[in-house]
Trainee: 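Structure in structure tokens, see below.
Computed from a predicted model, the values in this text were never measured in an experiment. Note: hydrogens, waters and symmetry copies are ignored here, and every other heavy atom, side chains too, is used.
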Amino acid sequence: MSAPSPARRLFGTDGIRGTANRAPMDAATALRLGQAAGRYFNRGTHRHRVVIGKDTRLSGYMLEPALTAGFIGAGMDVVIVGPLPTPAIALLTRSLRADLGVMISASHNPYEDNGIKLFGPDGLKLTDEQESEIEALMAGDLDAALVAPSRLGRASRLEDAPGRYIEAAKSSFPRGLTLEGLRIVVDCAHGAAYKVAPTVLWELGAEVVPIGVAPDGFNINKGVGSTAPAALATLVRERRADLGIALDGDADRVVLTDETGQVIDGDQILALVARSWHAQERLRGGAVVATVMSNMGLERFLAGRGLKLLRTAVGDRYVGERMRETGCNLGGEQSGHMIMPEFGTTGDGLIAALQVLAVLVEEKRAASEALRCFAPLPQRLVNVRYAGASPLNDAAVKAAIAAEEAALGARGRVLIRASGTEPVIRVMAEAEEEALVDATVARLAETIREKARAA
């Protein structure tokens, strides 16, 4: 199982992320990143090109020109596309034959944070090794990356970028089907999909009720989106909608609500699509790829159909890598990242929702019926925030984890990991009995909190 390289300090599980206007999420670091990545991808004698997109955070206005300056100084032409979903940047990178794609976003984090994700010319997120090499260049003397005045790049804006993504998303929906007669609430988290997602659904025939479509630079993910689906669930019930779709700030993940307002996570989405594709002989590799966070109920559901669940480290990048290794064409995370290579190279919340809608339309089933593929085992996740060194390095914490694992035995499992995007320890337990799960998580979380406070 692959995992983030310990040699990397700037790059985490999903690019570089941090508090806006503080290192490493400041203009100076963004400039050096542009210079270093520009040097790394400046190969050959052709005219080099980079695509830069962003979400709706205020700090995007600071990071975008800093990155642009770095790339231009490294001899790359820059194509600016403005606010668009992360999967749109991956798509445009390939479509424009660019050498590199950049998305400025901190995904589901609040507006105070921001991040930078890099895509190679194939539209895939960079490997740990590539990120390590770029980080090494950033730490060194970048004078060699700066080209002569005659070789400076140029910047331009691609005005029809949203339309290109809209057409790509629509083409993922079966041509013989329509969304006519369906009322859909879509929550865009005041983020990158605030224009394109409602447009796609409307053009496919749905009656669209949009929320989270009034970004002001500060309200991204605030009380809306895939990490806060309560508002969506309420509106779905009030408007008697057939389905609710909640995207996150950069629209690479999705959670759904059925017509009763019940929240549907990524595991149930994977189960539904896997069942449908397997029946149509479209599912490749005899398996679905997910992470260690996915519920054991999903694993049992797939096993009942002769399919395997292949687990990876947390992070859609690792899911994608395993899919390419095994030839699988369906993978994702419980949190809502869904990867479907026939439609795109990275997680795409809108396209995942369209695949669910295709099943609902084809089978003429209500979401509450179709999206109850399995009964999940009781699972609880608690986040413990810390400052300074990770509490997971403490001997007492390690001993407590080992003791809880031994106590659970074959009845369940414990998963403790540090977040790759924020200073948080994620404490998860899963077992047949809910009381056992709650007690296990409570004990471990308290032990970790004590060590975090003492640090």
Side-chain angles (χ1 to χ4, degrees), residues 20 53-61 81-89 103-115 161-162 165-166 169-170 179 182-204 206-266 269 335-338 347-354 356-357 367 421:
K54 62 181 179 180
D55 63 22
T56 56
R57 296 163 209 270
L58 180 64
S59 55
Y61 290 101
V81 301
L84 275 182
T86 288
I89 306 309
M103 180 64 181
I104 304 169
S105 175
S107 190
H108 58 281
N109 286 24
Y111 89 91
E112 294 93 343
D113 295 336
N114 215 329
Y165 175 70
I166 287 169
K170 285 167 55 183
L179 296 180
L182 294 182
R183 180 179 296 146
I184 300 172
V185 180
V186 58
D187 179 353
C188 299
H190 299 303
Y194 78 102
K195 288 185 178 179
V196 294
T199 300
V200 167
L201 295 167
W202 178 79
E203 290 189 5
L204 288 172
E207 177 187 342
V208 181
V209 181
I211 61 173
V213 291
D216 61 11
F218 303 97
N219 60 359
I220 189 169
N221 300 313
K222 187 175 182 179
V224 288
S226 63
T227 54
L232 173 71
T234 298
L235 192 56
V236 165
R237 290 191 294 267
E238 289 177 353
R239 297 298 298 270
R240 297 183 179 179
D242 298 285
L243 189 73
I245 300 170
L247 305 170
D248 69 339
D250 67 335
D252 67 350
R253 71 164 72 180
V254 64
V255 299
L256 305 175
T257 69
D258 64 22
E259 74 277 10
T260 72
Q262 181 68 39
V263 176
I264 310 297
D265 67 13
I269 295 172
S335 61
H337 287 115
M338 299 290 127
D348 192 320
L350 178 58
I351 283 180
L354 290 175
V356 171
L357 283 163
T421 58

Trainee: To the nearest 0.5 Å, what is the distance between OG on S107 and CG on D250?
Mentor: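 Answer rounded to 0.5 Å: 4.0 Å.
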
Trainee: Counting C-beta onward and ignoring hydrogens, is there a side-chain heavy-atom pair between I245 and V185 closer than 4.5 Å?
Mentor: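 Side-chain contact under 4.5 Å: no.
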
Trainee: Once you round to the nearest 0.5 Å, how far does CD1 of I184 lie from CG of L179?
Mentor: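 Nearest 0.5 Å value for the CD1-CG distance: 5.0 Å.
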
Trainee: For F218, enumerate each residue passing the ring-ring contact (aromatic ring centres under 6.0 Å, His included) test, keeping only those at least two apart in sequence or located in another chain.
Mentor: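 Residues passing ring-ring contact (aromatic ring centres under 6.0 Å, His included) with F218: Y111.
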
Trainee: With a cut-off of 3.5 Å and sequence neighbours excluded, list every side-chain donor-acceptor pair involving residues 192-204.
Mentor:
from : atom 1 : to   : atom 2 : distance (Å)
T199 : OG1    : K195 : O      : 2.8
E203 : OE1    : K170 : NZ     : 2.7

Trainee: Hydrogens and angles aside, do D252 and H337 bring a side-chain donor and acceptor to less than 3.5 Å of each other?
Mentor: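 Side chains of D252 and H337: pair found under 3.5 Å.
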
Trainee: Report yes or no: does R57 contribute a side-chain atom to a donor-acceptor pair with the main-chain N or O of S105 at less than 3.5 Å?
Mentor: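 Answer holds: no.
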
Trainee: What heavy-atom pair brings V236 and G261 nearest, and what distance separates the two atoms?
Mentor: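 Minimum heavy-atom separation between V236 and G261: CG1-N, 4.5 Å.
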
Trainee: When rounded to the nearest 0.5 angstrom, what is the spacing between CZ in R253 and CG in L247?
Mentor: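 If we round to the nearest 0.5 Å, R253:CZ and L247:CG are 11.0 Å apart.
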
Trainee: Checking side-chain contact (heavy atoms from CB on, under 4.5 Å) for the pair D187/I211: CA distance, chi angles, key distance, verdict?
Mentor: CA-CA 5 Å; D187 179 353; I211 61 173; 3.6 Å; yes

Trainee: Are I89 and L84 packed together at the side-chain level, in the sense that at least one heavy-atom pair is separated by less than 4.5 angstrom?
Mentor: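 Yes - at least one pair of side-chain heavy atoms lies under 4.5 Å apart.
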
Trainee: Could you grab the distance from atom OG1 of T257 to atom CD1 of I264, nearest 0.5 Å is fine?
Mentor: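 Going from the OG1 atom of T257 to the CD1 atom of I264 covers 8.0 Å.
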
Trainee: Answer yes or no: is there a side-chain heavy-atom contact under 4.5 Å between V255 and L232?
Mentor: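 Counting from C-beta outward, V255 and L232 never come under 4.5 Å.
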
Trainee: Give the minimum heavy-atom separation between R239 and R183, together with the two atoms involved.
Mentor: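 Looking at all heavy atoms of both residues, the shortest contact is O-NH1, 2.6 Å.
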
Trainee: Go through it in stages, so that I can follow the logic: the residues are I269 and L256, the test is side-chain contact (heavy atoms from CB on, under 4.5 Å), and I'd like the CA-CA distance, side-chain angles, deciding distance and then a yes or no.
Mentor: CA-CA 9 Å; I269 295 172; L256 305 175; 4.0 Å; yes

Trainee: Quick one: closest heavy-atom pair of L350 and A169, and the distance?
Mentor: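 What the structure gives for the nearest pair is CD2-CB, 4.2 Å.
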
Trainee: Minimum heavy-atom separation for P229 and V263, please, with both atom names.
Mentor: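 In this case the closest contact between P229 and V263 is CG-CG2, 3.9 Å.
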
Trainee: Kindly compute the distance separating CG (L235) from CZ (R237), expressed to the nearest 0.5 Å.
Mentor: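 Between L235 CG and R237 CZ, I get 10.0 Å after rounding to 0.5 Å.
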
Trainee: Taking H190 as the fixed residue, which of D55, D216, V224 is the one that meets the side-chain contact (heavy atoms from CB on, under 4.5 Å) rule?
Mentor: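 That would be V224; it is the only one of D55, D216, V224 passing the side-chain contact (heavy atoms from CB on, under 4.5 Å) with H190.
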
Trainee: Any side-chain heavy atom of Y165 sitting closer than 4.5 Å to one from V81?
Mentor: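 No, every pair of side-chain atoms sits at 4.5 Å or beyond.
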
Trainee: How close do P85 and A251 get, counting heavy atoms only, and between which atoms?
Mentor: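 Nearest heavy atoms, P85 then A251: CB-CB, 3.7 Å.
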
Trainee: Could you measure the distance from the OG atom of S226 to the CG atom of N221? Nearest 0.5 Å is fine.
Mentor: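 Output value for this atom pair is 7.0 Å.
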
